[in-house]
**Student:** 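Here you go, one structure.
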Amino acid sequence: MNKILKKIIDFIKGEIIIRTFISFIILDIGADLLMNFGFKLIYSKFSIVNLVLGIFGVILLIIFFILTYKDICLVVNDEK
């Protein structure tokens, strides 16, 4: 079981299309959390749940930009 999981992780590390797909899923989840819960903080009463989920959405957006930057750097380094 451990060998199969290791092979899957190595495949994901090697395939830039899969990493890009995963990063866009993270972007979708982060933007959805930010829109649904982050903006509710502005237009409705303060709620700690909205604050936490809004912050989590921002963190996911930052992770998306980091993953996208790493993918771009890998593509540029492969071309050299």
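These figures come from a predicted structure and were not determined experimentally.
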**Student:** Starting at CD1 of Ile26, measure out to CD1 of Ile59 and round the result to the nearest 0.5 Å.
**Tutor:**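 The CD1 atom of Ile59 is 12.5 Å from CD1 of Ile26, to the nearest 0.5 Å.
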**Student:** Please list, chain by chain and in numerical order, all residues satisfying side chain to side chain contact (heavy atoms under 4.5 Å, CB included) with Val58, sequence neighbours excluded.
**Tutor:**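 Partners of Val58 under the side chain to side chain contact (heavy atoms under 4.5 Å, CB included) test: Leu34, Ile62.
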**Student:** By side chain to side chain donor-acceptor pair (under 3.5 Å), which residues pair with Asp32, not counting sequence neighbours?
**Tutor:**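 Asp32: side chain to side chain donor-acceptor pair (under 3.5 Å) contacts with Asn36.
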**Student:** Suppose we screen for ring pair (Phe, Tyr, Trp, His ring centres under 6.0 Å). Which residues come up paired with Phe65, at least two apart in sequence or across chains?
**Tutor:**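 With sequence neighbours excluded, Phe65 shows a ring pair (Phe, Tyr, Trp, His ring centres under 6.0 Å) to no residue whatsoever.
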**Student:** Test of understanding: with side chain to side chain contact (heavy atoms under 4.5 Å, CB included), list the residues that count as partners of Leu33, not counting sequence neighbours.
**Tutor:**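 Leu33: side chain to side chain contact (heavy atoms under 4.5 Å, CB included) contacts with Ile29, Phe37, Leu53, Phe56, Leu60.
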**Student:** Kindly indicate whether the side chain of Phe24, heavy atoms from C-beta on, has any atom under 4.5 Å from the side chain of Leu27.
**Tutor:**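 They are in contact (side-chain heavy atoms under 4.5 Å apart), so the answer is yes.
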**Student:** Side-chain contact, heavy-atom cut-off 4.5 Å: Ile48 with Leu51?
**Tutor:**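 Of all side-chain heavy-atom pairs linking Leu51 with Ile48, at least one is under 4.5 Å.
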